[in-house]
Amino acid sequence: LAPYDLWESRELITVTGGYGDFKNDYRYILKHLRDLKEEYELEFAAIGCDPHNLDGILADLEEYGCPVVAVTQSAKNLHEATTDVQLLVKSEKVAYHKDNELLTWSFSNAATVMNSFGEIKIDKKPRSRFKRIDPVDACIDAHYVFMKTNGGEQVNFSDELDDYMKMMAGFGLF
């Protein structure tokens with residue numbers, strides 16, 4: 001099993017329920033968002049949410065005064081963001097704390113799965129029933145929201161692929 005207690009003590013995760021509680025406490029999450037907004041004087045550009053079970057908190061999210069973006073967890077919906085994150089990682093354009101073992105563990109548990117249309121998303125690796133991919137899933141979801149809300153410069157897939165192919169050629173792979 002994963003060392004969740006250790007990760008909680010290192011502030012890599014925030015527990016939203018009590019011992020043995022496996023449900024999200026949305027009131028806690030909303031309060032946590034408010035606290036972060038106040039502490040760091042943030043203005044949210046958008047909030048992404050899985051539309052599954054969203055009805056109960058949608059009105060509460062509107063108080064943040066920013067778009068609420070539905071992030072449906074399907075290959076059709078997440079293909080572009082997943083592919084873009086893959087390219088950004090491969091081209092070393094993703095900044096992260098390399099000592100964050102929770103994120104590293106999550107990425108190591110994730111694999112891409114493809115639907116019948118060739119669209120991809122991430123899922124747990126086969127036979128990884130108890131391993132979690134929530135942090136990497138959250139990264140892709142956040143990137144999806146960023147892309148949908150024009151949060152900045154869009155990545156040019158052709159240029160990124162050209163850069164990647166040149167980098168791989170330097171390693172003698174192509």
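Between the side chain of H79 and the main chain of I120, a donor-acceptor pair closer than 3.5 Å is present. Within the 3.5 Å criterion, the main-chain N or O of T72 finds a donor-acceptor partner in the side chain of N77. Not one N or O on the side chain of K90 forms a donor-acceptor pair closer than 3.5 Å with the backbone of V85.
Between H32 and T16 the shortest side-chain heavy-atom distance does not fall below 4.5 Å. You'll find the side chain of M114 stays beyond 4.5 Å of the side chain of K121, heavy atoms only. In this structure, E8 and T14 have side chains that are not in contact, with every pair of non-hydrogen atoms separated by 4.5 Å or more. Side-chain contact between I47 and C66 is present, with at least one heavy-atom pair separated by less than 4.5 Å. In this structure, the side chains of V69 and T149 come closer than 4.5 Å at one or more pairs of heavy atoms. Considering only heavy atoms from C-beta on, L30 comes within 4.5 Å of L61 through its side chain. Residues I29 and D25 have side chains not in contact (no heavy-atom distance under 4.5 Å, counting atoms from C-beta outward). Counting heavy atoms from C-beta on, the side chains of K131 and K125 never come closer than 4.5 Å.
In plain terms, the two heavy atoms of S106 and V136 that are nearest each other are OG-N, 3.1 Å. Listed here is the closest heavy atom pair of R132 and N109: O-ND2, 3.2 Å. The minimum heavy-atom distance linking V71 with G48 is given by the pair CG2-CA, 4.0 Å.
Taking a 4.5 Å side-chain heavy-atom cut-off between Ile, Leu, Val, Met, Phe, Trp and Tyr, the cluster of L6 contains only that residue. Other residues sharing a hydrophobic cluster with I13 under the 4.5 Å side-chain heavy-atom criterion for ILVMFWY residues are Y4, W7, L12, L102, W105.
Remark: K93 NZ to L88 CG distance equals 7.5 Å, nearest 0.5 Å. To the nearest 0.5 Å, atom CG of residue L54 and atom NE2 of residue H52 are 11.0 Å apart. One finds the SG atom of C139 at 11.0 Å from the OH atom of Y96 (value rounded to the nearest 0.5 Å). Here K31 contributes atom NZ and L36 contributes atom CG; the two are 10.0 Å apart, rounded to the nearest 0.5 Å. Interatomic distance, L78 CG to D84 CG, rounded to the nearest 0.5 Å: 12.5 Å.
The side chain to side chain contact (heavy atoms under 4.5 Å, CB included) check on D137 picks up Q73, I122, D141, with sequence neighbours excluded.
Atom CZ of R34 sits in a crowded spot, with more than 12 heavy atoms from other residues, nucleotides or ligands closer than 6.0 Å. No more than 12 heavy atoms of other residues, nucleotides or ligands sit less than 6.0 Å from atom CD of E43.
Cluster annotation: I57 and F44 are assigned to the same hydrophobic cluster (Ile/Leu/Val/Met/Phe/Trp/Tyr, side-chain heavy-atom contacts under 4.5 Å, transitive). Under the 4.5 Å side-chain heavy-atom criterion for grouping Ile, Leu, Val, Met, Phe, Trp and Tyr, L42 is connected to L33 within one hydrophobic cluster.
For the pair K37 and Y64, the cation-pi test (distance below 6.0 Å, angle within 45°) is failed.
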